[in-house]
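Data first, discussion second: the structure below is written as structure tokens.
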2 protein chains.
Amino acid sequence: MFVPAGSEDMKASIAVKEASAGDEHDHEACRALGQILDRVGDKWTVMAVGALSKGPLRFNALMRTIGGVSHRMLTLTLRGLERDGLVTRTAYPTIPPKVEYELTPLGRSLIEPLRVLSGWAIENRPAIELSRAAFDRAGE
Amino acid sequence: MFVPAGSEDMKASIAVKEASAGDEHDHEACRALGQILDRVGDKWTVMAVGALSKGPLRFNALMRTIGGVSHRMLTLTLRGLERDGLVTRTAYPTIPPKVEYELTPLGRSLIEPLRVLSGWAIENRPAIELSRAAFDRAGE
DNA sequence: CAGTATCCGATTGGATACTG
DNA sequence: CAGTATCCAATCGGATACTG
């Protein structure tokens, strides 16, 4: 299974041990997955990576491409990605200023896993929506 | 790229059109990915799916296996997964009550994409942590 | 153009207590 | 044992206004 990024390390470890006889993708996978979902699961990170997957973009171009993101959140999102080594930020000291963002190799390596997930999403969204509708109908 | 699940459909559509000449995983992929990340990117959903990937579990077993999740949040998480057709809930009207949760075929089909992502996470977490440390050091 | 700061409403999620 | 309801602190994220 996948263990949380949270604080209960010891308790969780024991629980996992108990429950996981014969499991190969345990524990470490869980914590790691929890962590990147914390990183990537926010409102705009994946959009930013997706927008940059086609090549470098300037701040405002990125903002228009993503659509619906506030100035503030895009800045914060990019700062986080830069911190984690997924994008580079290159500022040209011209007037007016010009700043380009580009995926690093590490950032590009994330595209494929995300594409797998989006493939699943596209394929299964209809089923999910049907299930939701049925569930909500059942609840009157 | 990957379009947001938000409200700016038309604007985003136009922006994407402009920016995406020659892109194959566009638009629909973006919205779909945004949506499942909203579904799966919360604090506990992935943990629950991971815990159930080995077989059905009762509520409290699930709680112990995941570790660190509150009673309330596990209930909400499972309700969401049930609504989306990713898990089934089976209540045995015994005393004391016994409720089993189990992944549906749809839920199981999500495991593989998640494993791809967790593979990426395991492989690249060290690089990310180094980058973070360097970034934070640079900021004094 | 890019980035920062402030404000504030909305959402998240834990603790707790109560029900069948 | 499983689920629900209430309360509340913390975080998230949009709007706005200001700086180089």
Side-chain angles (χ1 to χ4, degrees), chain A residues 4-8 11-12 34 37-48 51-52 56-83 87-102 135 138-140, chain B residues 4-8 11-12 34 37-48 51-52 56-83 87-102 135 138-140:
Chain A
S7 43
E8 297 291 7
K11 276 193 244 169
L37 283 181
D38 271 1
R39 167 91 283 286
V40 131
D42 65 73
K43 206 172 174 188
W44 299 112
T45 294
V46 166
M47 302 298 164
L52 289 171
L57 283 175
R58 297 177 54 179
F59 186 89
N60 278 351
L62 209 37
M63 197 159 162
R64 284 189 302 274
T65 302
I66 292 174
V69 62
S70 69
H71 194 157
R72 176 177 173 272
M73 286 316 296
L74 184 55
T75 307
L76 291 178
T77 300
L78 290 168
R79 221 44 89 239
L81 287 168
E82 190 192 358
R83 182 168 108 101
V87 309
T88 54
R89 174 183 182 279
T90 315
Y92 301 94
T94 57
I95 286 183
K98 169 177 156 178
V99 181
E100 275 207 340
Y101 291 91
E102 182 171 16
F135 187 92
E140 266 76 48
Chain B
S7 43
E8 297 292 6
K11 277 193 242 170
L37 283 181
D38 271 3
R39 167 92 282 285
V40 132
D42 65 74
K43 207 172 174 188
W44 301 112
T45 294
V46 167
M47 301 298 163
L52 290 172
L57 284 175
R58 296 177 56 177
F59 186 89
N60 278 352
L62 209 37
M63 196 158 163
R64 283 189 304 273
T65 302
I66 292 174
V69 62
S70 68
H71 194 157
R72 176 178 174 271
M73 286 316 296
L74 184 55
T75 306
L76 291 178
T77 300
L78 290 169
R79 220 45 88 238
L81 286 169
E82 190 192 358
R83 182 168 108 101
V87 310
T88 54
R89 174 183 181 280
T90 314
Y92 301 94
T94 57
I95 286 184
K98 171 178 157 178
V99 181
E100 276 207 339
Y101 292 91
E102 181 170 17
F135 187 92
E140 266 80 44

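When reading the values below, keep in mind they use all heavy atoms of this one structure, side chains included, and skip hydrogens, waters and symmetry mates. The sequence lines fix the lettering, A, B, ..., with proteins before strands; numbering per chain opens at 1.
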Which pair of heavy atoms, one from [X] and one from [Y], lies closest together, and at what distance?
X     : Y     : value
B:A51 : B:L57 : O-CD1, 3.7 Å
B:M73 : B:V69 : CB-CG2, 4.1 Å
B:M47 : B:I66 : CB-CG2, 3.9 Å

(request) Name all residues meeting the side-chain contact (heavy atoms from CB on, under 4.5 Å) criterion together with A:P56; count only those two or more places apart in sequence or in a different chain, and write none if there are none. (result)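 Once residues adjacent in sequence are excluded, the partners of A:P56 under the side-chain contact (heavy atoms from CB on, under 4.5 Å) criterion are A:E100, A:E102.
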(request) Kindly write out the residues that satisfy ring pair (Phe, Tyr, Trp, His ring centres under 6.0 Å) with B:Y101, not counting sequence neighbours, or none if the list is empty. (result)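 So B:Y101 forms no ring pair (Phe, Tyr, Trp, His ring centres under 6.0 Å) with any residue.
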(message) Return the NZ to CG distance between B:K43 and A:L37, rounded to the nearest 0.5 Å.
(response)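 These two atoms lie 13.5 Å from each other.
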(message) Taking side chain to side chain contact (heavy atoms under 4.5 Å, CB included) as the criterion, tell me which of B:T75, B:L74, B:L76 meets it with B:R72.
(response)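 Testing each of B:T75, B:L74, B:L76 against B:R72, the sole residue satisfying side chain to side chain contact (heavy atoms under 4.5 Å, CB included) is B:L76.
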(message) Under the rule for side chain to side chain donor-acceptor pair (under 3.5 Å), what residues qualify as partners of B:R58, not counting sequence neighbours?
(response)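 None.
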(request) Mind checking side chain to side chain donor-acceptor pair (under 3.5 Å) for B:T77 and listing every partner two or more places apart, or none if nothing turns up? (result)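 Partners of B:T77 under the side chain to side chain donor-acceptor pair (under 3.5 Å) test: none.
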(request) At the 4.0 Å heavy-atom cut-off to chain A, mark where contacts on DNA chain D begin and end, going 5' to 3'. (result)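 Boundary nucleotides touching chain A, in 5' to 3' order, are D:dG13 to D:dG20.
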Would you list the protein and nucleotides 12-14 of chain C atom pairs, both N or O, that sit under 3.5 Å from each other?
{"from": "C:dG13", "atom 1": "N7", "to": "B:R72", "atom 2": "NH1", "distance (Å)": "3.3"}
{"from": "C:dG13", "atom 1": "N7", "to": "B:R72", "atom 2": "NH2", "distance (Å)": "3.4"}
{"from": "C:dG14", "atom 1": "OP1", "to": "B:K43", "atom 2": "NZ", "distance (Å)": "3.0"}
{"from": "C:dG14", "atom 1": "OP2", "to": "B:S70", "atom 2": "OG", "distance (Å)": "3.2"}
{"from": "C:dG14", "atom 1": "N7", "to": "B:R72", "atom 2": "NH1", "distance (Å)": "3.2"}
{"from": "C:dG14", "atom 1": "O6", "to": "B:R72", "atom 2": "NE", "distance (Å)": "3.4"}
{"from": "C:dG14", "atom 1": "O6", "to": "B:R72", "atom 2": "NH1", "distance (Å)": "3.4"}

(request) Go through residues 88-97 of chain A and report each residue with a non-hydrogen atom lying under 4.0 Å from DNA chain D, sorted by number. (result)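 Only A:P97 qualify.
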(request) State which residues pass salt bridge (charged side-chain N to carboxylate O under 4.0 Å, His left out) with A:R79; sequence neighbours excluded, sorted by chain then number. (result)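 With neighbours one apart ignored, the set is A:E82.
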(request) Report yes if the side chains of A:L52 and A:L81 come closer than 4.5 Å at any heavy-atom pair, otherwise no. (result)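 Contact flag for A:L52/A:L81 side chains = no.
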(request) Using the criterion of both pairing distances under 3.5 Å for Watson-Crick and G-U wobble pairs, give all stems of 3 or more consecutive pairs involving DNA chain C. (result)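 The stems that DNA chain C takes part in, listed by first number, are C:1-20 with D:1-20.
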(message) Walk me through whether A:L62 and A:L78 qualify under side chain to side chain contact (heavy atoms under 4.5 Å, CB included).
(response) CA-CA 10 Å; A:L62 209 37; A:L78 290 168; 3.8 Å; yes
